[in-house]
Participant: 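Here you go, one structure.
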Amino acid sequence: ADRRKTDLRAINNFEDNNKDWQYSGRIGVVLYENVDDPSRLSLYFELGASFLTGIYDDDNRRRLSLGGVDFQFRIDDFYLLAEYAKGKVELVDPARTQERRGSYFWFIYKKKIEKPWIESFHIGVRFGSVDPDERLRNGQDLERYAAVAGWEPYPNLRFKVQYERTRERLDR
């Protein structure tokens with residue numbers, strides 16, 4: 001009986017709660033690339049760094065800041081992608097400002113076929129973890145596992161099936 005009722009039709013998801021800009025960017029450096037020489041094993045290695053910052057509240061006072069590092073590694077048809085991000089969310093009470101972190105790892109096998117109706121297919125697995133407040137171990141700390149399969153009948157047209165399981169860290 002204490003739950004607040006919300007009229008979902010009254011919520012406008014396309015309206016920003018403040019007029020402040022959010023700034024974000026990523027810089028990536030390809031350290032090694034050898035994917036265009038068919039006579040050699042295809043190798044690719046890229047490192048990146050990213051950031052996001054901006055005011056997020058109705059009063060235009062509290063900031064959200066995130067920073068991350070990522071890498072992508074490829075050997076022939078096998079890909080490994082990983083990212084680690086850490087951030088800070090300023091709350092009304094400065095003592096409650098939250099430090100956040102998260103990471104994910106993708107392992108993908110993608111085979112290019114380049115025949116009619118089969119440009120490529122891929123299968124992969126993903127693991128991710130999210131900790132929205134490093135000071136607390138609670139039900140919002142999550143681990144996500146996913147298995148994925150996809151097919152590209154033509155370049156840039158992809159069909160994908162994904163199974164995902166989320167586990168709260170308190171379940172351990």
Side-chain angles (χ1 to χ4, degrees), residues 2-8 10-32 44-75 77-110 122-150 158-172:
D2 292 343
R3 290 191 177 180
R4 185 177 76 187
K5 292 185 179 180
T6 303
D7 182 5
L8 295 177
I11 296 174
N12 184 350
N13 291 327
F14 301 105
E15 184 176 316
D16 193 359
N17 66 335
N18 65 47
K19 301 300 179 204
D20 192 56
W21 286 56
Q22 241 182 20
Y23 302 96
S24 66
R26 179 184 181 273
I27 273 194
V29 177
V30 176
L31 298 176
Y32 185 81
Y44 180 89
F45 186 63
E46 179 181 342
L47 284 175
S50 56
F51 75 95
L52 179 139
T53 187
I55 303 295
Y56 74 92
D57 66 317
D58 293 333
D59 299 327
N60 291 320
R61 294 177 44 199
R62 292 180 286 286
R63 180 166 295 280
L64 164 70
S65 302
L66 298 169
V69 293
D70 63 84
F71 74 87
Q72 183 179 112
F73 184 66
R74 175 182 171 192
I75 298 177
D77 299 332
F78 296 92
Y79 298 76
L80 174 65
L81 292 86
E83 181 176 22
Y84 175 80
K86 188 165 183 166
K88 183 166 49 171
V89 179
E90 295 176 355
L91 301 176
V92 176
D93 176 5
R96 293 279 309 143
T97 294
Q98 294 176 342
E99 298 282 331
R100 297 180 171 193
R101 65 184 165 86
S103 59
Y104 74 89
F105 302 92
W106 264 108
F107 182 70
I108 301 166
Y109 173 75
K110 181 177 181 179
H122 68 274
I123 56 173
V125 292
R126 182 181 196 264
F127 168 77
S129 68
V130 177
D131 187 350
D133 189 349
E134 289 184 343
R135 295 173 301 171
L136 300 173
R137 186 168 197 78
N138 59 23
Q140 293 180 337
D141 297 351
L142 300 176
E143 292 176 346
R144 290 191 175 119
Y145 306 89
V148 96
R158 181 174 301 138
F159 296 95
K160 178 177 93 164
V161 174
Q162 179 169 321
Y163 172 79
E164 186 169 307
R165 179 152 172 102
T166 300
R167 183 173 76 167
E168 295 177 356
R169 290 192 189 146
L170 288 178
D171 292 344
R172 288 190 222 174

Participant: Please report the shortest heavy-atom distance between Gln162 and Ala146, naming the atom on each side.
Facilitator: NE2-CB, 3.9 Å
Participant: Can you tell me how far apart CZ (Phe105) and CG (Leu81) are? Round to the nearest 0.5 Å.
Facilitator: 11.0 Å
Participant: Could you pull out all residues at least two apart from Tyr23 that satisfy side-chain contact (heavy atoms from CB on, under 4.5 Å)?
Facilitator: Trp21, Phe51, Thr53
Participant: In plain terms, say whether Arg167 and Glu143 are close enough for a salt bridge, that is, a side-chain N and a carboxylate O under 4.0 Å apart.
Facilitator: yes
Participant: Please enumerate all residues that pass salt bridge (charged side-chain N to carboxylate O under 4.0 Å, His left out) together with Lys110, with sequence neighbours excluded.
Facilitator: Glu152
Participant: Where is the tightest heavy-atom contact between Val130 and Arg144, given as atom of each residue plus distance?
Facilitator: CG2-NH1, 4.1 Å
Participant: Between CG of Asp131 and CG of Leu142, what distance do you get to the nearest 0.5 Å?
Facilitator: 9.5 Å
Participant: Report the distance from atom OH of Tyr79 to atom CZ of Phe73, rounding to the nearest 0.5 Å.
Facilitator: 12.5 Å
Participant: Is the Tyr109 to Phe78 ring centre distance short of 6.0 Å?
Facilitator: yes
Participant: Between Phe127 and Tyr145, is the ring-ring contact (aromatic ring centres under 6.0 Å, His included) condition met? List the steps.
Facilitator: CA-CA 5 Å; Phe127 168 77; Tyr145 306 89; 5.3 Å; yes
Participant: Under the salt bridge (Lys or Arg N to Asp or Glu O under 4.0 Å) criterion, do Arg100 and Glu90 qualify, and how do the steps go?
Facilitator: CA-CA 11 Å; Arg100 297 180 171 193; Glu90 295 176 355; over 6 Å; no
Participant: Which distance, rounded to the nearest 0.5 Å, do you find between the OG of Ser65 and the CD1 of Ile55?
Facilitator: 8.0 Å
Participant: To the nearest 0.5 Å, tell me how far Arg101 CZ sits from Leu66 CG.
Facilitator: 14.0 Å
Participant: Quick check: closest heavy atoms across Trp106 and Val148, and the distance to 0.1 Å?
Facilitator: CZ3-CG1, 3.9 Å
Participant: How close do Ser50 and Glu83 get, heavy atom to heavy atom, and via which atoms?
Facilitator: OG-OE2, 3.8 Å
Participant: Mark yes or no: Arg126 above the aromatic ring of Phe107, with NZ or CZ under 6.0 Å from the six-membered ring centre and no more than 45 degrees from the axis.
Facilitator: no
